[in-house]
Amino acid sequence: MSDIERTVPPLLDRSLRPDRSSDDAPPSRTNRIQQIGDAMTAVDDPTAPRIAVVGATGAVGGTLLELVEDHRLRYRALHLIASARSAGREIRVDGRDHPVHDVAGFDFSRADVAFFFAGADVSRRWAPLAAAAGALVVDGSRAFRLAEDVPLVVPGVNDALLRRRPARGLVAGPGAATVALVRVLAPIVRRWAVRRVVVSTYQPASEAGHSGIEELQEGTRARLQDPQTALPAETFSPPLAFDVLTGDGGADGDGDGEGDGDGDGEGAGEFTAQERGLRDETRRVLGLPELDLTATCVRVPVVNGQCAAVWVDCAAAVDRTELIALLRSAPGVTVHDGAAGATPTPATLGDPDRVHVGRIRVSPADPTGFWLWLVADNLRGGAALNAVQVLGGLTAHGTL
């Protein structure tokens, strides 16, 4: 049993287990729940955490609540929090109706852990206050990802950072594209000396939250009805429907499902905030501050599910058979290879809690380099599940 399998609680460890199934179809959502167990989520156990979810009405917040049910996450109390305009609503979780509270009026001393998925502006304002009230904050926005005194954590890669409670009471999660990338790169950089990584990401509308999804759907319907009609462009500019956007086009959100629109106004010859973030976050999580990584981030007209084409250049020749075996053993990774290993796509993703790797190609001209194709559910596996696994690591290490 690996260190990861020993330290992650049973309710979370399935998604972090090495790929035992080769190219077999993943179990259904119903079977996954049955395998986890039938215990109720809400418990009276005083050791179970009191959980607050800030951004509970958003895309990632809603996905996190699905994980609470699917993974039978044990909690003593569940507080759903959002902006004033959503306060008073009720959301049903685990068969119970939970009221939505206004973040401005919530007492965070009522929570042991607070998940923040409401964008960087909300996190900058309220996360430090929540931490000061005693809650351990797990933040999914870009607000603290590069802060030296805030650990940036991907369980299964660098969760040793969770053995000690952070001084500021904050733990940051990377963007969804970074989470998928580092899960795959971590075993590679341990095995071979990596000289360079080139990444092209293909990111969906859901990374901009509900507004991004709705605008893509509205624009698609409008253009199908009238090819000459003007398309909505409040979230994505130019419009995303029937187009591909890069550079400073489109919403420049966190990758947390709650786009902030707080890009840096990049010029034509500069990298975008997302491209720089992917580089800097990957360096932090892998502990390789000088890693030569360059990226192009592209927005595509897909509702959910991100992809990446990754070129890795190593200092020594790479054996493809060894590479595939290494990736199969990586926590949270499923390899698609061989006659039955159809190339993964967002529409045929399979298990949404894992990173799916296909099209593994070692260069015949120079075997020190190889290509990988990655696909992951950005809302669930890239953002919400990473946060839940952080909580699992904190609990396992007695840090909470």
Side-chain angles (χ1 to χ4, degrees), residues 7-9 12 45-56 58 60-61 64-65 67-68 73-83 101-175 178-179 254-256 258 260 277 280-281 284-285 287 383-400:
T7 58
V8 179
L12 302 177
D45 184 353
T47 65
R50 300 169 299 165
I51 297 174
V53 181
V54 181
V60 179
L64 188 143
L65 296 179
L67 284 169
V68 168
L73 181 62
R74 297 172 72 252
Y75 60 85
R76 186 160 34 113
L78 180 63
H79 304 291
L80 307 187
I81 303 166
S83 64
H101 304 279
D102 181 0
V103 64
F106 184 75
D107 178 6
F108 281 97
S109 68
R110 298 167 59 193
D112 300 305
V113 61
F115 294 109
F116 273 72
F117 285 111
D121 290 342
V122 171
S123 291
R124 291 186 189 106
R125 180 176 180 184
W126 296 106
L129 297 176
L136 199 154
V137 172
V138 180
D139 183 50
S141 79
R142 74 172 64 187
F144 306 104
R145 287 174 184 164
L146 301 182
E148 293 185 1
D149 56 352
V150 176
L152 184 69
V153 178
V154 175
V157 178
N158 67 338
D159 42 323
L161 296 176
L162 301 177
R163 292 173 181 168
R164 179 180 300 176
R165 188 179 179 97
R168 291 182 61 182
L170 301 170
V171 176
T178 304
V179 172
D254 295 328
D256 66 353
E258 304 300 333
D260 295 316
D280 296 341
E281 293 165 21
R284 278 203 76 193
V285 174
L385 183 62
N386 192 75
V388 170
Q389 289 170 341
V390 167
L391 174 58
L394 292 167
T395 304
H397 292 302
T399 313
L400 190 62

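Both backbone and side-chain heavy atoms feed into the values below; hydrogens, waters and symmetry mates do not. Remember, it's a predicted structure, so these values are computed and weren't measured experimentally.
The shortest distance between side-chain heavy atoms of Leu129 and Phe106 does not fall below 4.5 Å. A heavy-atom distance below 4.5 Å is not found between the side chains of Val390 and Asp159. Using a 4.5 Å heavy-atom threshold, the side chains of Phe108 and His79 count as separate. A 4.5 Å side-chain heavy-atom check between Leu64 and Phe115 finds at least one atom pair inside the cut-off. Between Ser141 and Phe117 there is no side-chain heavy-atom pair separated by less than 4.5 Å. With a 4.5 Å cut-off on side-chain heavy atoms, Val171 and Val150 do not count as touching. Side-chain contact between Val154 and Pro174: present, with at least one pair of heavy atoms (C-beta onward) separated by less than 4.5 Å. At least one side-chain heavy atom of Ile51 sits less than 4.5 Å from a side-chain heavy atom of Leu73.
From His397, atom NE2 reaches atom CG of Leu162 across 6.0 Å, with rounding to the nearest 0.5 Å. Interatomic distance, His101 NE2 to Ser83 OG, rounded to the nearest 0.5 Å: 14.0 Å. Here Leu394 contributes atom CG and Arg163 contributes atom CZ; the two are 12.5 Å apart, rounded to the nearest 0.5 Å. Here the OG1-CZ distance, from Thr178 to Arg284, works out to 12.0 Å after rounding to the nearest 0.5 Å.
For Thr399, the side chain to side chain donor-acceptor pair (under 3.5 Å) criterion is met by no residue, not counting sequence neighbours. Residues that satisfy the salt bridge (charged side-chain N to carboxylate O under 4.0 Å, His left out) test with Arg165, not counting sequence neighbours, are absent from this structure. Taking Tyr75 as the reference, nothing meets the ring-ring contact (aromatic ring centres under 6.0 Å, His included) condition, with sequence neighbours excluded. For the salt bridge (charged side-chain N to carboxylate O under 4.0 Å, His left out) test, residues two or more places apart in sequence or in another chain that qualify with Arg50 are Asp112. In this structure Asp102 satisfies the side chain to side chain donor-acceptor pair (under 3.5 Å) test with no other residue, sequence neighbours excluded. Ala48 is linked by a side-chain contact (heavy atoms from CB on, under 4.5 Å) to Val43, Asp45, Arg74, Arg76, counting only residues two or more places apart in sequence or in another chain.
The heavy-atom pair separating Ala143 from Ala120 by the smallest distance is CB-O, 3.9 Å. Considering every non-hydrogen atom in both Ala130 and Val137, the closest pair reads CB-CG2, 3.8 Å. The two residues Leu65 and Ala56 come nearest to each other via the heavy atoms CD1-O, 4.1 Å. In terms of heavy-atom proximity, Gly175 sits nearest to Arg145 at N-CZ, 3.4 Å. Contact detail for Leu170 and Ala131: the closest heavy-atom pair is CD2-CB, 4.3 Å. Between Asn386 and Gly173 the shortest heavy-atom distance is ND2-CA, 4.1 Å.
Remark: Asp107 does not engage Arg110 in a salt bridge, criterion side-chain N to carboxylate O under 4.0 Å.
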### Task
Start with the C-alpha gap between Val53 and Ile81, add the side-chain angles, then the distance that decides, and say whether side-chain contact (heavy atoms from CB on, under 4.5 Å) holds.
CA-CA 6 Å; Val53 181; Ile81 303 166; over 6 Å; no

### Task
Run the numbers on Val138 and Val113 for side-chain contact (heavy atoms from CB on, under 4.5 Å), then give the verdict.
CA-CA 7 Å; Val138 180; Val113 61; 4.0 Å; yes

